[in-house]
Structure formats: C-alpha cells, structure tokens
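Since the structure comes first, as structure tokens, the remarks are kept for the end.
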Amino acid sequence: QVQLVESGGGLVQAGGSLRLSCTASGLSSGTLGWFRQFPGKGREFVAAIRWRSSSTAYAASVKDRFTISSDNAKNTVSLQMNNLRPEDTAVYYCAAARRPGVIRVAVAEYDDWGQGTQVTVDS
C-alpha cells in the first residue's frame, strides 16, 4: 500500500502557473499519476510517470502545458502546470498504480489515491 499526500493547489488567474507536489510513501515501482475531477464528473487522466524509467504520458488537453516529474530520492512526484485555463479548475489527485509493465492511464488501474487538492483558475 502506498500513502499519497498532495499539496500545492490554490487560486490562480488564467495564464498563470501552479506546481502540485505529491509525497508517495511505500512505493518501489509502477506508475505515479495525476488525475482530476470536475464537479459532478468522474476522475479523468492528466499525466503519469513510470517510477523507474521516468517514461511519461499526458492527456491531450494538457500536453505542452503541464509537465510531470519525479524525484525518486525524495519519493515525490510533481505536476508543473503552466498557462492555466478556467477549464482546468478541478480537484487534482495523485495516485499510484502497482501493476508492472506499461505506463498506466486508466482510473481502474490505480490502487492508491491521495485526498485531492483544489485548483481554481479565474478568468
């Protein structure tokens, strides 16, 4: 079981930036991902990174604006969000998928979840 704690959410104007961080305790391999949930909607994939290889994947809606990175020595994963839009307003979750092999992008493939952090973008 992986313990996940997110931080870094807040209020920002459109075009601004935020950096989300997640501490992941108890993982040694697999995929770390960021998901977001809009009001009344299910969680959707944002970005993911393989813990060992550092291979990454992004949703089309955030590609070239968001960057995921990891610091294995500190057991952290970060999401740098640039050029934020009001449509990015959501609760953002850090999650861990323990299944080996390819990078994971589906909600059902993730085993452990953080509590979420609110990101609000004003127009």
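Computed from a predicted structure; not experimentally measured.
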Pairwise side-chain contact, R85 with V121, heavy-atom cut-off 4.5 Å (strictly under):
no
Restricting to non-hydrogen atoms, name the atom on W113 and the atom on A95 that form the minimum distance, rounded to 0.1 Å.
CE3-CB, 3.5 Å
Got Q118 and L11 here, is their nearest side-chain heavy-atom distance under 4.5 Å?
no
What's the separation between atom NZ in K74 and atom CG in N72, rounded to the nearest 0.5 Å?
12.0 Å
CG (L79) and OG1 (T67) are apart, to the nearest 0.5 Å, by 8.0 Å
Any chance you could lay out the side chain to side chain contact (heavy atoms under 4.5 Å, CB included) test for R99 and D111, step after step, and finish with the verdict?
CA-CA 9 Å; R99 295 173 179 84; D111 306 290; 3.7 Å; yes
Under 3.5 Å: donor-acceptor pair, side chain of T117, backbone of Y92:
no
To check you understand the geometry: which heavy-atom pair defines the closest contact between L20 and G9, and what is its length?
CD2-N, 3.5 Å
Does atom CD (Q115) have a neighbourhood of more than 12 heavy atoms from anything else shown, all under 6.0 Å?
yes
How close do A48 and T31 get, counting heavy atoms only, and between which atoms?
CB-CG2, 3.7 Å
Testing Y58, W34, F35 one by one against F45 for a ring-ring contact (aromatic ring centres under 6.0 Å, His included), which residue passes?
F35
What distance do E6 atom CD and S78 atom OG have between them, rounded to the nearest 0.5 Å?
12.0 Å
Any chance you could lay out the side chain to side chain contact (heavy atoms under 4.5 Å, CB included) test for V5 and Q3, step after step, and finish with the verdict?
CA-CA 7 Å; V5 180; Q3 301 288 334; 5.9 Å; no
Could you state the interatomic distance from CG (L4) to OG1 (T76), rounded to the nearest 0.5 Å?
12.0 Å
Please round to the nearest 0.5 Å and tell me the distance separating atom OG of S55 and atom CD1 of I68.
11.5 Å
Member of N83, N82, L84 meeting the side-chain contact (heavy atoms from CB on, under 4.5 Å) criterion with F66:
L84
Donor-acceptor check, side chain of Y110 to backbone of R104, threshold 3.5 angstrom: yes or no?
yes
Quick check: closest heavy atoms across W51 and D71, and the distance to 0.1 Å?
CH2-O, 4.0 Å
Would you compute the distance between atom CG of L32 and atom OG of S69 and round it to the nearest 0.5 angstrom?
11.0 Å
Can you give me the closest heavy-atom contact between S70 and I49, atom names plus distance?
OG-CD1, 3.6 Å
For residues M81 and V119, determine if any side-chain heavy atom of one lies less than 4.5 Å from a side-chain heavy atom of the other.
yes
Examine distances only and state if a side-chain atom of R50 and a backbone atom of G101 form a donor-acceptor pair shorter than 3.5 Å.
yes
Considering only heavy atoms from C-beta outward, does the side chain of V62 approach that of R36 to under 4.5 Å?
yes
Which heavy atom of A57 sits nearest a heavy atom of V105, and at what distance?
CB-CG1, 4.3 Å
